[in-house]
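Here the structure comes first, spelled out in structure tokens, and everything after it is commentary.
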2 protein chains.
Amino acid sequence: MILKNQNEWALHCCSVLSWVPPERYLSTKALAEFHDVPKEYLSKALQALSQAGIVEGTLGPSGGYRLARKPSDITFLDIVEAIEGKGSTFACTEIRKNNPCRTAKHCDNKPCAVARVMWEADAAWRNTLRGVRLSDLAKTLKETVPADLLEKTGAWVVDRT
Amino acid sequence: MILKNQNEWALHCCSVLSWVPPERYLSTKALAEFHDVPKEYLSKALQALSQAGIVEGTLGPSGGYRLARKPSDITFLDIVEAIEGKGSTFACTEIRKNNPCRTAKHCDNKPCAVARVMWEADAAWRNTLRGVRLSDLAKTLKETVPADLLEKTGAWVVDRT
DNA sequence: CTTCCCACGGATATAAAATATCCTTAAATT
DNA sequence: AATTTAAGGATATTTTATATCCGTGGGAAG
């Protein structure tokens, strides 16, 4: 099991989009060029983000995407679930029902004990992602990325909006 | 991203194997029949568990598998990692290095901030799985599965060893 | 009003991974 | 000697991920 690479793309794109000035947009083309990923495919990820209400797009020249909410209102989970879906990473097929010793009167009032644990782990994963916001990421970047690179990057983005 | 169905199979198989009396074995055939899953493919999962040292197998008639350790010494994580691997569910492709504003002298002393969060979430997932042992599962089953079914199942297993 | 740039979405192609089956080998039991 | 079984290699099938292509229509600018 490995997450789709679109998760990585989407997360980095949202990070970049935090640089976009209010009322302006950054195009898919610019985002694809910035990350050196195929534009058409990246477009699918951005569409998913758009449908999830995380970013909003507009058409025409000077069109593109921008964040639909403040960075402090967007969590990693929002982004990952937009790409990966909200369903659990563990799919219980109710294998326990195949137990040959079961009879018709053995109904299942409780969910499968194995699945419960797996779902709990899934919830722990999601809780961690829910606990980190885009604004937290920006703060971390400010602390770890060289100031000149950060500044140049911001200028690069603004220049393309 | 969805976990392989072999995880479910492996977990349930280990649960069943806790019924096996000392010095005896339960065959792949019996486990496949019990769960109604394809024997040949289940065999691959059991081989993975064997290689991970969670179960041990022996050949010949009356051969099969048994737990290699006490149920209290086997965690959900042990089993899931035997099937799914120990690698993180998030693969960082260092997309940040494609930032066109970067120059040669911009080295990365810190890991990618996005990846760090994703890895943290992965660790939370694993920690939850590490916190549950096969013995805990047995306890839960004792509390939630009808006593007669539990007993019949135990007898079914012992009968096949 | 015309032209161009863009998001959006459908259709399709390709690559990779998961799922599944088949078969051979060698070890243990009877 | 015959049978049962794990182990593991090879291969086939199905599903998912990755990627590309193209048509539509909205919006900006000349």
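Values reported hereafter were calculated over all heavy atoms of this structure, with side chains retained and with hydrogens, waters and symmetry mates removed. Remember, it's a predicted structure, so these values are computed and weren't measured experimentally. Protein chains get the first letters and strands the later ones, always in sequence-line order, with residue 1 at the start of each.
- Using a 4.5 Å cut-off between side-chain heavy atoms of Ile, Leu, Val, Met, Phe, Trp and Tyr, with links allowed through other members, A:Ile83 and A:Val132 fall into different hydrophobic clusters.
- Looking at B:Arg96 and B:Asp108, a side-chain N of the basic residue comes within less than 4.0 Å of a carboxylate O on the acidic one, giving a salt bridge.
- Spacing between atom CD of B:Gln6 and atom P of C:dA17 amounts to 16 Å, rounded to whole angstrom units.
- Per the geometry, CD belonging to B:Gln47 stands 17 Å off P belonging to C:dT25, to the nearest Å.
- Counting to the nearest Å, the P atom of D:dA17 and the CD atom of A:Glu8 are 16 Å from each other.
- Here the CG atom belonging to B:Leu42 is positioned 12.0 Å from the NE2 atom belonging to B:His12, to the nearest 0.5 angstrom.
- Between the CG atom of A:Leu3 and the P atom of D:dT16 there is a distance of 16 Å, given to the nearest Å.
- Ion pairing of A:Arg126 with A:Glu81 is present here, as a side-chain N (NZ or NE/NH1/NH2) and a carboxylate O approach within less than 4.0 Å.
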Steps toward side-chain hydrogen bond (donor to acceptor under 3.5 Å, both in side chains) verdict (B:Glu56, B:Tyr25): CA-CA 9 Å; B:Glu56 51 192 13; B:Tyr25 298 89; 5.1 Å; no
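- Between the CD1 atom of B:Ile2 and the P atom of C:dA18 there is a distance of 12 Å, rounded to whole Å.
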Identify all pairs in which a protein N or O lies below 3.5 Å from an N or O of nucleotides 19-29 of chain D, and state each distance.
unit_1, atom_1, unit_2, atom_2, d
D:dG26, N2, A:Gly60, N, 2.9

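- Taking a 4.0 Å limit (strictly below) on heavy-atom distances, residues 21-29 of chain B reaches DNA chain D at B:Ser27, B:Thr28.
- A side-chain donor from one of B:Thr153 and A:Asn99 sits under 3.5 Å from a side-chain acceptor of the other.
- When the side-chain contact (heavy atoms from CB on, under 4.5 Å) test is applied to A:Ser62, no partner is found at least two apart in sequence or on another chain.
- Checking B:His106 against B:Thr103 by side-chain atom types alone, a donor-acceptor pair falls below 3.5 Å.
- Atom CG of B:Leu31 and atom P of D:dA7 are 12 Å apart (whole Å).
- One can place CD of B:Glu56 at 18 Å from P of D:dT5, the figure rounded to the nearest angstrom.
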Between the protein and nucleotides 13-15 of chain C, are there any N/O to N/O pairs under 3.5 Å, and if so, what are the atom names and distances?
none

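- Side-chain atoms of B:Asp73 do not come within 3.5 Å of backbone N or O of B:Lys70 as any donor-acceptor pair.
- At a cut-off of 3.5 Å, with distance as the only test, a side-chain donor of A:Thr93 or B:Glu8 sits close to an acceptor on the other residue.
- Salt bridge status for A:Arg69 with A:Asp78: present, with a side-chain N to carboxylate O gap under 4.0 Å.
- Between the A:Ser50 side chain and the A:Leu46 main chain, no donor and acceptor come within less than 3.5 Å of each other.
- OP1 or OP2 of D:dG8 has not a single side-chain nitrogen or oxygen of B:Ser43 nearer than 4.0 Å.
- Near-neighbour residues of DNA chain C inside residues 74-95 of chain B, defined by a heavy atom below 4.0 Å, are absent.
- B:Leu59 and B:Tyr65 are assigned to two separate hydrophobic clusters, defined by single-linkage of ILVMFWY side chains at heavy-atom distances under 4.5 Å.
- Applying the salt bridge (charged side-chain N to carboxylate O under 4.0 Å, His left out) test to residues at least two apart or on different chains, the pairs with a partner in residues 146-161 of chain B are B:Glu33-B:Arg160.
- Between A:Arg66 atom CZ and C:dA7 atom P there is a gap of 13 Å when expressed in whole angstrom units.
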